[in-house]
Every structure is written in structure tokens, then in C-alpha cells.
Student: 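This is the structure, below, for whatever I ask next.
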Protein chains: 2
Amino acid sequence: MAAQRGEGDTTATPAEAADKERARAIPEAAVARLAVYLRVLSGMSESGVTAVSSEELSQAAGVNAAKLRKDLSYIGSYGTRGVGYDVEVLVSHIERILGLTRNHSVAVVGIGNLGHALANYGGFPGRGFPVTALFDVDADLVGIPVGGIPVNHIDEITAVCLEREVSIGVIATPPPAAQSVCDRLVSAGVQCILNFAPVVLQVPDNVEVRKVDLAVEMQILSFHVARRADEAAGVSVGNNGLGVDGMVIRP
Amino acid sequence: MAAQRGEGDTTATPAEAADKERARAIPEAAVARLAVYLRVLSGMSESGVTAVSSEELSQAAGVNAAKLRKDLSYIGSYGTRGVGYDVEVLVSHIERILGLTRNHSVAVVGIGNLGHALANYGGFPGRGFPVTALFDVDADLVGIPVGGIPVNHIDEITAVCLEREVSIGVIATPPPAAQSVCDRLVSAGVQCILNFAPVVLQVPDNVEVRKVDLAVEMQILSFHVARRADEAAGVSVGNNGLGVDGMVIRP
DNA sequence: TCGACTTTGTGCGTGCGTTCACAAGCGGTA
DNA sequence: TACCGCTTGTGAACGCACGCACAAAGTCGA
């Protein structure tokens, strides 16, 4: 911890090394937004847009312009002052930082409703994530192709994942099976797991887990709607119908 | 902004008002975790567990014990020192804070692969979110029941949502349709939207949007795997193969 | 009844992330 | 070539959230 930002590295290609060096310092939240910027930029690129200003891009991505510039500054200085950013240049740099240059192959475990949906996505939007393996416990499903890929039995996870060099595992199983599936994926060398099962997974330090829990998302929304309803009902900070100092905000 | 925490409210039921008062102060991040605690607690309750300490609960939820206690303190003091928390009590309080006492009915728009999966969830795990309406543009789908609910045409969103008092809208359409669908939901009075389409939605201030973007999640994972690979390759802070001070951490 | 132990609730310091504001830099123009 | 206006990149201040560490408070046993 608290490693001093020593600028004494002299090995490797200058630009490359600088990127890797920087990758550590990018805040988690900024990484998520970079992915959004990439999506917007890709759309612009397809529409023939070649240049964009931070103001335009930030609006399209739904964030603050200053925040966008700071986020982009984490990956380097690729803009032109007085002009803006070259769309293609930004796309390629963000892709490199996000590690999208290497092709990640994805395995989906649990071919239920959600698993089907994921398998049929077939190469997630924004490309670069080909689904190359599917697994399920149900013997009736084994061998049947879903989205063009045949389903393997769950016991084959380790072998198949090693063989096809799967780098990202997606868990879409019922909750009780999730941990066991996770363990198998880990033992197959998978270091990234996207978990749709409402379970807290136990993994070694070298494995990254992201979870998507639809019920949690719903409950967060529910919280906000409840808060809104309460505010509307006038149960706010000593609010008796008037503003704090008798002033009406946004009449 | 900067409203002083005035303790001069004398209206409404004491406990209720205190809750609403507090709801404003709960950090966004804490709300998300409360939902996780609720899930874990529900599981414990079903297993017959009646009491739990912050240490146990925090481990089950995968967070720091101190953080858990702080999160729970946002909703009130319902623990017993020297003992712990009563599971049922916590469950009911978290449910109230998250607004789960009122039944939210959910509409899913876009009955493709993902929409099917969502519709078949039928009342999301952890109950309280009954799916009561489905919509799609495809005339062939209209009338066909999915997960027990017949599909309506997308033009009927406003009427049906108003009639069934839908409070949460889920957008699972292709990207180009998302904004238009969103607008219709909003005009039907829906104030909470869960958006699976990779698009930045424009909504009025009084509407809450949460987005789930699978490609973004993948890309975040990709970033981490890339960072790990770089570290392993030795492109770290002046690392020449040895630890910072020549010591091997975790041999 | 009293003491010792256990666990909660929270005040406070620290670190991270966001925002502001402005200097630096570049293209266009005369 | 020199000036002007526009946009980037970033230093610095702010605010929030996290985690520590401890006092408060309750239970259990003697």
C-alpha cells in the first residue's frame, strides 16, 4: 500500500508503459463512464462524425463536461485545444485502456430464461465479447445449440473453459448453484465473473466479480419513489407548506 | 441545499416522520447495500435464524462490519447492545425504508429474449414486484401470454399503465426504441425506470432512471483483467521482478 | 446486586471522487 | 506574423463515504 508514484521506470515502450502505469490510477467510477463514452463515440463514428467537443460528448453521455474531460485525462491527452477530440482516436485509446484489443471469450453458465437471453445476444453489443461456451446441469439441454453454440454439461466447465481460453464467466444459475459454479470457473482460470445470481460469491483475491441483481435495482428504485412520495406529502424538513424561508422554489 | 438539520418538526406520527426525515440522509451507496442486507436477512429468516450480530451479517453480505452498522444506523437504532439484531425486526424496518410496503407493479416493455426472461421471473425474487403488464411493437406477440400475462401493444402503454397503476417500467427494447418508450412511460405517470437498452435516456427531474448495461459491465471486467495482466507482466511501479523492498508478499 | 463481557452506535480522521475555475495551447483571421 | 476566440487539461477546493476506535448500553454469571 501507499506505493510512491515513482517515475523511475525505464523499461518497455514509452507510450505503452505510460498507459499501464496510468491504468492503476483510474478511479473505478471513471472506468464505468469510459465504457459509456466508448459506446457513444462508436455510435458517432458510425454516423460519420469525426470530431467532437467535450461539451457535445458529455451531453450525449449524460454527464458533466468537466467530469468527462477529467475522465479522458486519466488515459492521456488526446484532444486538440480549441477544437476538440478526434472520434476515432478516442475510440482506439479507450478500447486499449479497457483491454478490448485482446479478444475476451465469454462462457455463460445456467441456460434458463436469462441464460438464453445472454446466449442469444451472441457477441455483446459493442462487439469484442464472443460467447464461446454454454453450460447447464440439465442433461436435456446438453448438446442443443443455443444462439449457435452447443450447451455443455456443467461438469465440463473446467476442461472446456481451459480449452477455449475463456476469460469471462457469466453466472445465470439459480442461487444455490452459484458458488459451486463460481468455484469451477475459478479453477478453470477464469478471472472475471459477472454474477446474476442473488448471492455473495466467495472468490480469491485475484478474481474480479461484478454482480447484477435485478431485485436490488428494483428496490433502489422503490426507495426513491417512496422518498419522492414522502416529499410530495409534505413530510420534509419542518416544511409546513412553505419553503424554508417562505420562498417558493421553482414555482 | 444545506438545509439545517432542524429538530423542530412536531407534525405527523413521531416514528413515521422520523423515518421520512431520515430517508433523505441515507447515502445512495448505503441504500444499495440495505437491499443486499434485506436479501441476506430474508434468507436467514427462512432458515429459522432469529437473531444476528453485525459481524455475522456483514460477512454474509460481504461487507465491513463497521460499515454495516453505520448503514443500519441510518434507518434507526434497532439493535440490542451485547446481543445483536432481531432478524424479523430488521427485515420489516428495511422493507419500510425501501418502500416495499406499498406494492409496486412492474411493466416490461420489449418482449425479446431479455423481456421474456424478465416476464418469466414473475414477481422478482424477494417478492413485492409483481409484473402486471407487458408490451411489444410486434403485432404477432400481442395477446399471447408470457409468464401468465398477455402482451399488449406498445401504443397502449399510457392507458394500460395508468389503469394498472404501474409504478416501475422496465425497458428491454432495442436501443432506437428506448427513448420513445421511455417518454410514453413517463406520460403514463411512471416515475421509476429500469433501462436495459444501451442508451442515455432523457427524462424530467421527477423521474428516476437506473441503467443496466451488460456490455459496460463486461468492459469493466475487461479493464480489470487487462490491468492484472499488466501487473503480472511486471509493468508495475518500478518493479523489476522483486517486491518493493525485496520481500515476497504471500509466498 | 455487582462486575465483566459482548455488541451496538457513532464521532472523527482519512482518502477518494467530483466540481470549479483558469492557465495553456491551438486554429483561424487580418 | 501577431492577435483573438475557443476548447482542452489540470491544480485546488469541496464534499461524501469509508473505516477505525471507543464510549454507551445491555446481558449473563456469580
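Naming: A, B, ... by sequence-line order, numbering from 1 per chain.
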Student: In whole angstroms, how far is the P atom of D:dT8 from the CG atom of A:L90?
Tutor: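 These atoms are roughly 10 Å apart.
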
Student: So how far is it from A:M44 CE to A:L57 CG, rounded to the nearest 0.5 Å?
Tutor: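 It comes to 5.5 Å.
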
Student: Can you measure from CG (A:L41) to NE2 (A:H93) and round to the nearest 0.5 angstrom?
Tutor: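 Between atom CG of A:L41 and atom NE2 of A:H93 there are 12.0 Å.
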
Student: Atom CD1 in A:I97, atom CG in A:L34: separation rounded to 0.5 Å?
Tutor: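 Atom-to-atom, A:I97:CD1 and A:L34:CG are 8.0 Å apart.
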
Student: Would you give the length of the straight line joining atom CD1 of B:I94 to atom CG of B:L100, rounded to the nearest 0.5 angstrom?
Tutor: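 Interatomic distance, B:I94 CD1 to B:L100 CG, rounded to 0.5 Å: 10.0 Å.
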
Student: Rounding to an integer number of Å, can you tell me how far A:L68 CG sits from D:dG9 P?
Tutor: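 The distance from CG of A:L68 to P of D:dG9 comes to 10 Å, rounded to the nearest Å.
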
Student: Which residue pairs pass the salt bridge (charged side-chain N to carboxylate O under 4.0 Å, His left out) test when at least one of the two sits in residues 68-82 of chain B, sequence neighbours left out?
Tutor: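 Salt bridge (charged side-chain N to carboxylate O under 4.0 Å, His left out) check on residues 68-82 of chain B returns B:R33-B:D71.
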
Student: Atom CG of B:L57 to atom P of C:dG9: distance rounded to whole Å?
Tutor: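 One finds 12 Å between P of C:dG9 and CG of B:L57, rounded.
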
Student: Tell me the interatomic distance from B:E55, atom CD, to D:dA21, atom C1', rounded to whole angstroms.
Tutor: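 After rounding, the reported distance stands at 15 Å.
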
Student: Sequence neighbours excluded, which residues qualify as side-chain contact (heavy atoms from CB on, under 4.5 Å) partners of A:C192?
Tutor: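 For A:C192 the side-chain contact (heavy atoms from CB on, under 4.5 Å) partners, ignoring immediate neighbours, are A:I168, B:L221, B:V225.
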
Student: Please tabulate the protein-to-nucleotide N/O contacts below 3.5 Å involving nucleotides 17-21 of chain C, giving atom names and distances.
Tutor:
unit_1: C:dT18; atom_1: OP1; unit_2: A:R33; atom_2: NH1; d: 2.8
unit_1: C:dT18; atom_1: OP2; unit_2: A:R33; atom_2: NH2; d: 2.9
unit_1: C:dT19; atom_1: OP2; unit_2: A:K67; atom_2: NZ; d: 3.3
unit_1: C:dT19; atom_1: O4; unit_2: A:K70; atom_2: NZ; d: 3.4

Student: B:S54 side chain N/O closer than 4.0 Å to the phosphate oxygens (OP1, OP2) of C:dT7?
Tutor: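 The answer is no; no side-chain N or O of B:S54 sits under 4.0 Å from OP1 or OP2.
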
Student: Please identify each residue that fulfils side-chain contact (heavy atoms from CB on, under 4.5 Å) with B:A177, with sequence neighbours left out.
Tutor: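 Here the qualifying residues are B:T173.
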
Student: Starting at atom CG of A:D86, determine the distance to atom C1' of C:dC26, rounded to an integer number of angstrom.
Tutor: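 That distance rounds to 15 Å.
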
Student: Could you list all N or O pairs between the protein and nucleotides 25-30 of chain D that sit under 3.5 Å apart?
Tutor:
unit_1: D:dA25; atom_1: O4'; unit_2: B:R81; atom_2: NE; d: 3.4

Student: Could you state the atom-to-atom distance from CG of A:L72 to C1' of D:dT8 in whole Å?
Tutor: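 Atom-to-atom, A:L72 to D:dT8, this comes out as 10 Å.
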
Student: Does the pair B:R210/B:E28 count as a salt bridge with the N-to-O cut at 4.0 Å?
Tutor: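 Result for this pair is yes, salt bridge flagged.
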
Student: side-chain contact (heavy atoms from CB on, under 4.5 Å) with A:N64: which residues, sequence neighbours excluded?
Tutor: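 For A:N64, the residues satisfying side-chain contact (heavy atoms from CB on, under 4.5 Å) (neighbours in sequence not counted) are A:A66, A:K67.
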
Student: What is the distance, to the nearest angstrom, from the OH atom on A:Y78 to the C1' atom on D:dT10?
Tutor: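 Taking atom C1' of D:dT10 as the reference, OH of A:Y78 is at 16 Å.
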
